[in-house]
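Following: one structure in structure tokens, then a few remarks.
We number each residue from 1, following the sequence as shown.
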Amino acid sequence: VANFTIATSEVYRDRNTGERKETTESHNIVLWRNLAEIAQKYLHKGDIVYMEGKLRNRSWEKDGITRYTTEIVADNMAMLSASISPIGVDEQSTNNNSSSHEGISPATDIGIAENINKVILIGRLGKDPEIRSLERGVMVANFTIATSEVYRDRNTGERKETTEWH
């Protein structure tokens with residue numbers, strides 16, 4: 001298993017001042033099996049990566065306090081940095097310090113932004129959206145989405161279903 005964080009940034013203009021602002025968020029990533037091995041071998045701090053998977057909420061007790069976290073349990077990963085060698089390249093070319101490798105372009109050269117913060121959820125609404133009006137007539141809607149996963153218990157063979165709320 002591999003655990004690490006990735007950072008995503010969003011750049012925007014402040015409505016009141018017109019000033020350019022940037023916010024950065026960290027996201028917990030969990031990789032299992034072969035993806036964990038690939039990450040250990042090829043990923044390094046500062047590399048640009050694409051992660052795709054399931055959102056998982058987890059809780060635990062520490063010092064009598066229940067703590068919560070949301071993780072991305074990735075089942076697909078793409079290495080986008082120019083410093084990363086393609087899988088299958090022999091060790092000699094993997095160990096060279098050249099800034100680009102044949103067949104791999106820096107993410108910015110191939111038109112991919114370095115910091116995309118985007119999530120896609122397909123699920124069922126938990127209740128009707130709550131809609132309210134903010135200043136200047138801007139409307140905002142809040143709602144919850146349930147995503148479910150059906151699987152067979154490895155020990156009992158029993159069909160199980162888990163639901164996550166977002």
Checklist entry - Which value, rounded to the nearest 0.5 Å, describes the distance between I48 atom CD1 and I6 atom CD1? => result 11.5 Å

Next on the checklist: When you group the ILVMFWY residues by side-chain heavy-atom contacts below 4.5 Å and let the links chain together, are M77 and V30 in the same group?
Outcome noted: no

Checklist entry - Is there a side-chain contact between E164 and L55 (heavy atoms, below 4.5 Å)? => result no

Next on the checklist: Any non-hydrogen side-chain atom of I29 less than 4.5 Å from a side-chain atom of E71?
Outcome noted: no

Item to check | Verdict with supporting geometry, R15 and V138, side-chain contact (heavy atoms from CB on, under 4.5 Å) | outcome: CA-CA 13 Å; R15 286 188 170 178; V138 174; 3.7 Å; yes

Next on the checklist: Testing the 3.5 Å rule here: is there a donor-acceptor pair between the side chains of T66 and S59?
Outcome noted: no

Checklist entry - Quick one: OG1 on T69 to CZ on R56, what's the gap to the nearest 0.5 Å? => result 13.5 Å

Item to check | Positive for side-chain contact (heavy atoms from CB on, under 4.5 Å) with M51, one of N76, V73, L31, D75 | outcome: L31

Checklist entry - Counting heavy atoms not belonging to F143, are there more than 12 under 6.0 Å from its CZ? => result no

Checklist entry - Quick one: which of N57, T147, T144 gives a side chain to side chain donor-acceptor pair (under 3.5 Å) with H166? => result T147

Only distances under 3.5 Å count here; give the side-chain donor-acceptor pairs of residues 123-131 to other protein atoms, sequence neighbours excluded, each with its distance to 0.1 Å.
unit_1 : atom_1 : unit_2 : atom_2 : d
K127   : NZ     : E130   : OE2    : 3.0

Next on the checklist: Minimum heavy-atom separation for M139 and S133, please, with both atom names.
Outcome noted: SD-CB, 3.8 Å

Checklist entry - What residue pairs, at least two apart or across chains, pass salt bridge (charged side-chain N to carboxylate O under 4.0 Å, His left out) with a residue in residues 59-68? => result none

Checklist entry - Which atoms form the tightest heavy-atom contact between Y68 and W60, and what is the distance? => result C-CZ3, 4.1 Å

Next on the checklist: Are the side chains of E161 and E149 in contact, using a 4.5 Å heavy-atom criterion?
Outcome noted: no

Item to check | Between CG on residue N28 and CZ on residue R58, distance to nearest 0.5 Å | outcome: 8.0 Å

Item to check | Taking every non-hydrogen atom, the tightest pair across D153 and N155 | outcome: OD1-N, 2.7 Å

Next on the checklist: Quick one, Y151 and T162 - any side-chain contact, counting heavy atoms below 4.5 Å?
Outcome noted: yes

Item to check | Residue pair M79 / I38, side-chain heavy-atom distance below 4.5 Å | outcome: yes

Checklist entry - Does the side chain of R13 come within less than 4.5 Å of R20's, by heavy atoms? => result yes

